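Below you'll find the structure, written out as structure tokens, and then a few comments.
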Amino acid sequence: MGYVAVKGGEKAIENSLVFYSKIIKSHDKLSDEAIINSLRFAVDRVLSEGSLFTKKLSAKAIKKSGGDLLNAAFYIRAHRSTCQRVGIAPTISVEDIRILRRISSAFKDIKGGQLLGPSDDYAVKLLIDDNYRQNKYEHYDSKDIFLESALTPLREKNLVKRLQKDEKIWDITRKFPNPPYPRSAVQQVMSRGETGSMLAFAYTSMRGYGDVHPTVGDLRIGFAPVYFKHPFLNEDVKIGEIEVTACECAGSFNKDESGEIKLTTGFGFCFGFNETKAIAMSILDLTLYNKAYTTGEKSIADDFDMIMFHIDGIESFGFTNHYKLPHYVTFQSDLQVFNKSREYSKEKYK
Amino acid sequence: MNYAFLDEDAKKEIRRAILKAIAIPGYLVPFASREMPIARGWGTGGLQATLTLIKESDVLKVIDQGSDESVNAVNIRKFISKVTNNRTTTATEEATIIQSRHRIPEKPLNEGQIIVLQVPYPEVLTNVETDYEKQKEMHANKDYSKLWVLLYEDTAQFGDSRIGSRYPVIVNNRYIMDPSPIPKYDTPKLNNCEALIILSAGREKKIYAVPPYTEVKPIKFEDKDFCIEKFEGVKCEKCGSEGIFFDEIYDEEKNVHYYCNDTDYCESKLRGLDDTIN
């Protein structure tokens with residue numbers, strides 16, 4: 001009887017969990033290392049959206065959630081919430097990234113060159129076995145590579161619009177801002193945003209609801225050094241490296257604060273190797289701070305509230321799934337209002 | 001692990017937000033809202049408020065849709081008791097903190113009790129104004145004209161407001177507030193309630209409150225009655241109660257049955273423990 005089913009209670013939850021662990025039981029056979037080394041983009045996505053750079057725990061979360069990456073990122077966020085914070089590390093500059101891959105579509109050739117690095121962009125997507133693994137890669141210089149952004153020459157000529165820097169870096173995990181949102185808060189929300197949501201919003205802007213046709217000025221993946229103040233020496237010490245993706249895109253020109261016409265740019269940055277997310281983020285950044293000229297009306301991706309409240313995967317995924325919870329009280333209320341309105345309508349228009 | 005899971009910094013922040021919320025009844029106070037091991041939208045706001053308010057001597061009750069046994073209630077109660085080791089109860093009168101989703105218990109709440117309501121949509125103006133900055137401005141100016149226009153349009157077309165649960169209320173003659181998705185049947189219970197009412201939205205990162213003995217009125221036109229859900233001629237098939245909020249259940253033969261929605265109320269009636277109710 002329905003009545004019993006709704007009140008599943010403790011026993012039902014337990015049974016359901018047992019059943020769930022049975023249908024993903026083979027995950028025991030996967031080691032964390034196997035996941036980190038083979039499903040690396042899944043791991044990177046989880047640690048980026050989970051907002052905590054931890055390959056090992058991300059691999060564990062992927063196993064625990066049977067490969068449901070939204071769920072896996074949720075595990076990481078929940079864990080992150082319990083971590084004690086020790087302080088704030090100095091800002092990382094894009095130019096400090098030890099480069100693994102860097103491309104620019106804005107220029108044919110650039111200082112430092114186009115470094116394709118590891119990428120499957122030009123793989124023909126056929127499900128046949130290839131054996132690239134046996135080949136050696138050529139022209140690879142094992143020296144550490146550090147490069148300035150491909151847009152730096154334009155910036156040095158003062159052609160690029162600069163946005164005002166926040167005086168104090170906001171921390172959205174400690175306080176969520178009211179509008180107008182500080183730029184650092186907007187960047188934080190996007191940097192841990194859900195890839196698919198950001199992709200969709202960015203796509204609205206490039207396809208038809210905005211006039212952003214961006215050019216990828218500088219897209220890079222690599223290893224960024226993290227420094228932290230040593231408690232005794234009182235100086236910044238390198239404590240390790242994190243894998244990151246950074247993207248700078250260029251849009252059309254726009255007036256800056258002084259009314260001068262400048263080239264506009266957007267910036268995207270996230271943990272792990274996730275080029276799609278970084279590009280989408282740079283486009284959203286561009287759109288938010290440079291309203292469209294052509295469409296006139298408000299578009300979708302240039303609305304701060306739209307982006308600030310709708311790209312967090314943990315939130316949208318949680319809320320969407322909450323509709324599975326019983327809603328029979330509110331549904332009963334709705335039904336009664338519905339029935340009364342029907343009677344009223346019948347009476348009025350008979 | 002820390003008592004009640006949250007670290008002391010988080011508790012401090014939430015307590016400050018709660019104090020501010022109590023000082024300005026019905027006003028939305030932003031807070032950081034930590035990620036919990038329970039999903040956003042599943043009561044993380046209420047959970048954070050409860051974990052912040054709870055102390056060793058508290059007795060906890062958790063309900064969802066009026067039931068102590070509902071899956072979500074079980075899950076949240078289990079989590080809280082695991083991280084606090086506090087005593088839990090299903091008896092409304094025994095609890096010092098009641099976390100609830102979508103209902104206010106049938107038995108009247110008393111002084112010293114706190115009811116924590118889980119809130120999906122804290123901003124009452126969302127349906128008529130999407131811009132966050134404008135919403136703030138409208139609240140500041142006590143400009144609720146759009147809500148009144150909506151009520152007027154609904155009344156003209158459908159004879160009454162189309163809102164079922166979450167019926168907007170005016171708190172302390174100042175702020176209009178979303179009372180969480182409680183049925184209209186529960187709305188009058190907010191008025192002059194002896195208990196402290198905390199409303200907390202985790203995903204939307206807002207806390208608000210109704211202090212004890214505060215005037216709370218549903219928005220309505222002078223010449224129209226505020227109509228609550230009615231179950232005419234209905235009796236609980238278990239305990240025989242009348243005139244309360246019921247669950248409507250269809251059995252396999254598609255016959256409809258009615259039971260008390262508030263399971264604690266029903267059980268108390270059945271045991272005959274409380275003759276004062278109803």
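Reminder, nothing fancy here: chain letters follow the sequence lines and each chain counts from 1. Here the structure is a predicted model, which means the values were calculated and not measured. Side chains included, hydrogens not; waters and symmetry mates left out as well; all remaining heavy atoms used.
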Query raised in the report: Hey, is B:K61 close enough to B:D68 for a salt bridge, meaning N to O under 4.0 Å?
Result: yes
Requested in this report: If the plane angle is over 60° it's perpendicular, under 30° parallel, otherwise tilted; pick one for A:F201 and A:H310.
Outcome: tilted
Requested in this report: Using a strict 4.0 Å threshold on nitrogen-to-oxygen distance, state whether B:R34 and B:D7 make a salt bridge.
Outcome: yes
**Report entry** Under 4.5 Å from any heavy atom of chain B - which part of A:V329
**Finding:** both
Report summary line: Cut-off 4.5 Å, heavy atoms of chain A, and the answer for B:T155 is backbone
Query - Centroid-centroid under 6.0 Å between A:F53 and A:F271 rings - result: yes
Requested in this report: On the 0 to 90° scale, with breaks at 30° and 60°, tag the B:Y132-A:Y181 ring pair as parallel, tilted or perpendicular.
Outcome: parallel
Query - Among B:K184, B:R77, B:K78, residue most engaged with chain A (heavy-atom pairs, under 4.5 Å) - result: B:K78
Requested in this report: Could you tell me whether the side chains of A:H79 and B:E35 share a donor-acceptor contact shorter than 3.5 Å?
Outcome: no
Query raised in the report: Of the backbone (N, CA, C, O) and the side chain (C-beta and beyond), which part of A:S16 lies under 4.5 Å from a heavy atom of chain B, both, or neither?
Result: neither
Report summary line: The interface call for A:Y323 against chain B, heavy-atom contacts under 4.5 Å, is side chain
Requested in this report: Step through the shown structure and confirm whether more than 12 heavy atoms of other residues, nucleotides or ligands are within 6.0 Å of NZ on B:K12.
Outcome: no
**Report entry** Point-to-point distance, once rounded to the nearest 0.5 Å, from OG of A:S65 to OH of A:Y20
**Finding:** 5.5 Å
Report task. Let me know if A:T330 has heavy atoms under 4.5 Å from chain B in its side chain, its backbone, both or neither. Result -> both
Query raised in the report: Looking at A:D171, A:N71, A:D334, A:D305, which has the largest count of heavy-atom pairs under 4.5 Å with chain B?
Result: A:D305
Query raised in the report: Hey, which of B:R101, B:E13, B:R103 has the most heavy atom pairs under 4.5 Å with chain A?
Result: B:R101
**Report entry** Winner by heavy-atom pair count (cut-off under 4.5 Å) against chain A, out of B:F245, B:F31, B:F5
**Finding:** B:F245
Report summary line: With chain B, the option among A:P177, A:S345, A:P179, A:S341 that has the most non-hydrogen atom pairs under 4.5 Å is A:P179
Report summary line: Greatest number of non-hydrogen atom pairs under 4.5 angstrom with chain A, of B:A156, B:G202, B:A10, falls to B:A156
Query - Most chain A-contacting option - heavy-atom pairs closer than 4.5 Å, from B:D9, B:D154, B:I38 - result: B:I38
Report summary line: Most heavy-atom pairs under 4.5 Å with chain A, out of B:T44, B:V74, B:I228, B:L6, belong to B:V74
Report summary line: Per-residue tally against chain B (heavy atom, under 4.5 Å) across A:E343, A:K175, A:H327, A:R80 peaks at A:H327
Query - Side chain, backbone, both or neither of A:N321 within contact of chain B (heavy atoms, under 4.5 Å) - result: both
Report task. Answer yes or no on whether B:R203 is positioned over the face of A:F319, meaning its NZ or CZ is under 6.0 Å from the six-membered ring centre and within 45° of the axis. Result -> yes
Query - A:M281 side, atom CE; A:L286 side, atom CG - distance, nearest 0.5 Å - result: 12.5 Å
